[in-house]
Amino acid sequence: MKKLLIIPAILVGTVLVGTVLVGTVTSASAGEILVKATKDKLGEPDPNAKYWEGVPIEPVTLMAQPMAIPRPASTTTPMVQVQAVHDGRVMAVRLRWADADVNEAGRLGEYSDAAAMQFPVKAGPPPPVFMGAKDLPVHIFHWRAQYQRDKERGKPTMRDLYPNMSIDIYPMEFRDPGSVGQKSDAEREKFSPGRAEGNPQAYEKTGVDEILAEGFSTSSVQEGHGSLGRAVWVNGEWLLVITRQLMVEGGSTLTPGGRSFAGFAVWQGGNAEVGSRKCVTMSWTPVLVEGGVK
């Protein structure tokens with residue numbers, strides 16, 4: 001995997017807890033996520049696909065992230081329901097959680113609803129559930145409602161977000177360009193440092209972020225491996241599907257007939273949750289991948 005950028009804000013600040021929990025294997029109260037084999041192809045995430053019928057639902061307990069500052073004021077997402085299937089090549093995970101409204105971020109002070117799942121990269125006993133530790137990386141798949149909006153409706157412009165704004169001076173944008181003329185997107189981009197330096201967070205997203213982390217402040221977005229996400233919000237609930245390759249070179253690997261572990265996090269943008277303000281699983285949930293493809 002090629003690292004693109006260190007982003008300490010995502011799943012931030014939990015290595016101290018993780019260090020304490022080295023060697024923790026599973027939650028005694030949690031069950032096991034069974035990844036059912038299916039003949040259906042899972043290339044496109046579909047929250048309402050027929051193949052979800054009959055797939056076991058595993059309730060996974062979350063709580064307010066308790067260690068890193070800033071912490072959420074309370075547990076806004078106490079549980080996420082998890083289902084998973086695979087077709088021998090692709091794994092799809094469906095997450096369902098309660099959220100009173102849809103938040104897609106945009107203006108200053110607005111934050112996006114989001115969810116993430118993570119897997120250990122190395123075989124054997126899992127690393128600290130809080131983003132792993134040095135030489136014990138985790139592989140994170142991070143979806144945001146904001147990314148989905150950008151993909152489906154386009155990334156909003158400054159004019160979209162602030163239609164009544166008045167520009168005094170903004171590089172290469174003038175009400176009356178006069179003899180300067182209208183400039184191209186590439187020419188205007190030179191005045192956007194994040195885009196000029198290739199910061200992936202400065203561009204609209206087409207799927208979910210894949211991230212590797214080895215503890216606090218080590219999260220780095222990776223070049224995509226085809227993981228996708230799509231969610232629908234109905235009657236106060238998000239229903240999200242994230243698809244990923246079962247085997248990712250340099251990342252996590254799940255094998256039909258094998259076992260692994262998973263961890264989850266949810267952000268409710270309407271409650272100002274972003275970065276370390278989130279609800280998380282406090283221990284790994286064991287995962288069993290059903291063998292073969294029926």
Open item on the list: Going by the rule salt bridge (Lys or Arg N to Asp or Glu O under 4.0 Å), which residues pair with R230 if we only count those two or more places apart in sequence or in a different chain?
Closed with: E152
Task: Check: Q65 side chain, S276 main-chain N or O, donor-acceptor pair, under 3.5 Å - done: yes
Open item on the list: Run the side chain to side chain contact (heavy atoms under 4.5 Å, CB included) test against P137 and tell me which residues pass, sequence neighbours left out.
Closed with: V121, K122, E214
TODO: Report the residues that fulfil side-chain hydrogen bond (donor to acceptor under 3.5 Å, both in side chains) with W97, sequence neighbours left out, ordered by chain and then residue number.
DONE: none
- [ ] Answer yes if F141 and M247 sit in the same cluster of Ile, Leu, Val, Met, Phe, Trp and Tyr residues linked by side chain heavy atoms under 4.5 Å apart, and no otherwise.
- [x] yes
Task: R153 and E104: CA distance, side-chain angles, deciding distance, side-chain contact (heavy atoms from CB on, under 4.5 Å) verdict - done: CA-CA 12 Å; R153 307 199 300 274; E104 299 173 325; 2.7 Å; yes
- [ ] Please name all residues satisfying salt bridge (Lys or Arg N to Asp or Glu O under 4.0 Å) with R259, sequence neighbours left out, ordered by chain then number.
- [x] E32
Task: Under 3.5 Å side-chain donor-acceptor pair for H86 and E290 - done: no
Task: Residue pair V138 / P127: nearest heavy atoms and the distance that separates them - done: CG1-CG, 3.7 Å
Task: Value rounded to 0.5 Å, distance of CE in M117 from CE in M91 - done: 6.0 Å
Task: Cluster check F119, V266: I/L/V/M/F/W/Y, side chain < 4.5 angstrom - done: yes
Task: Donor-acceptor under 3.5 Å (R159 side chain, M165 main chain) - done: yes
- [ ] Tell me whether L62 is reachable from L240 by hopping between hydrophobic residues (I, L, V, M, F, W, Y) whose side-chain heavy atoms are closer than 4.5 Å.
- [x] yes
- [ ] Rounded to the nearest 0.5 Å, what's the gap from CG on D99 to OG1 on T77? Could you check?
- [x] 6.5 Å
- [ ] For T243 and G43, work out which heavy atoms get closest and say how close.
- [x] OG1-O, 4.1 Å
- [ ] Check W52 against A84 and note the closest heavy-atom contact, atom names and distance.
- [x] CZ3-N, 3.9 Å
TODO: Nearest 0.5 Å please: distance from the CG atom of L212 over to the CD atom of Q222.
DONE: 4.0 Å
TODO: Taking the side chain as every heavy atom from C-beta outward, state whether F130 and M67 have any atom pair closer than 4.5 Å.
DONE: no
TODO: For residues 260-275, pull every pair meeting salt bridge (charged side-chain N to carboxylate O under 4.0 Å, His left out), keeping only residues two or more places apart or in separate chains.
DONE: none
Task: Euclidean distance, M79 CE relative to C279 SG, rounded to 0.5 Å - done: 12.5 Å
TODO: Would you please name every residue forming a side-chain hydrogen bond (donor to acceptor under 3.5 Å, both in side chains) with D101, sequence neighbours left out?
DONE: N103
Task: Any side-chain heavy-atom pair of F261 and V129 under 4.5 Å - done: no
- [ ] Locate the shortest heavy-atom distance separating E44 from Y51; write the atom from each residue and the value.
- [x] O-OH, 4.2 Å
Open item on the list: Once you measure the plane-to-plane angle for H142 and W267, does it fall in the parallel (<30°), tilted (30-60°) or perpendicular (>60°) bin?
Closed with: tilted
- [ ] Could you list the residues that satisfy side chain to side chain contact (heavy atoms under 4.5 Å, CB included) with Q146, not counting sequence neighbours?
- [x] A105, S112, R144, R149, D150
Task: Closest approach of D113 to G269 (non-hydrogen atoms, all atoms of both residues) - done: OD1-N, 2.8 Å
Open item on the list: List the residues meeting side chain to side chain contact (heavy atoms under 4.5 Å, CB included) with N48, not counting sequence neighbours, and say none if there are none.
Closed with: D46, V232, L239
- [ ] Apply salt bridge (Lys or Arg N to Asp or Glu O under 4.0 Å) to R107 and list each qualifying residue two or more places apart in sequence or on a separate chain.
- [x] none
TODO: Go through the steps to decide whether V93 and V82 satisfy the test side-chain contact (heavy atoms from CB on, under 4.5 Å), and finish with yes or no.
DONE: CA-CA 7 Å; V93 180; V82 182; 3.9 Å; yes
Task: Pairwise side-chain contact, Q83 with E58, heavy-atom cut-off 4.5 Å (strictly under) - done: no
Task: Connected hydrophobic set around L34, excluding itself, where side chains approach under 4.5 Å - done: L288
Task: Gap between atom CD of Q268 and atom CH2 of W238 - 0.5 Å precision - done: 11.0 Å
Task: E53: partners by side chain to side chain contact (heavy atoms under 4.5 Å, CB included), with sequence neighbours left out - done: K50
TODO: Could you tell me whether a side-chain N or O of T75 sits under 3.5 Å from a main-chain N or O of A64, the two making a donor and an acceptor?
DONE: yes
Open item on the list: If you compare all heavy atoms of Y162 against all heavy atoms of L108, which two are closest, and at what distance to 0.1 Å?
Closed with: OH-N, 3.0 Å
Task: V85 reachable from L254 in the ILVMFWY side-chain graph, under 4.5 Å edges - done: no
Open item on the list: Show, in sequence, the C-alpha distance, side-chain angles and deciding distance for L246 and T253, and conclude whether the side-chain contact (heavy atoms from CB on, under 4.5 Å) test is met.
Closed with: CA-CA 6 Å; L246 277 176; T253 289; over 6 Å; no
Open item on the list: Taking salt bridge (Lys or Arg N to Asp or Glu O under 4.0 Å) as the definition, give me every residue that meets it alongside E237, ordered by chain and number, with sequence neighbours left out.
Closed with: R96
Task: From CD (Q81) to CZ (R94), nearest 0.5 Å - done: 9.5 Å
Task: Same apolar cluster (I L V M F W Y, side chains within < 4.5 Å links), V80/V35 - done: yes
- [ ] Check whether any side-chain N or O of R244 sits under 3.5 Å from a backbone N or O of S227 as a donor-acceptor pair, and report yes or no.
- [x] no
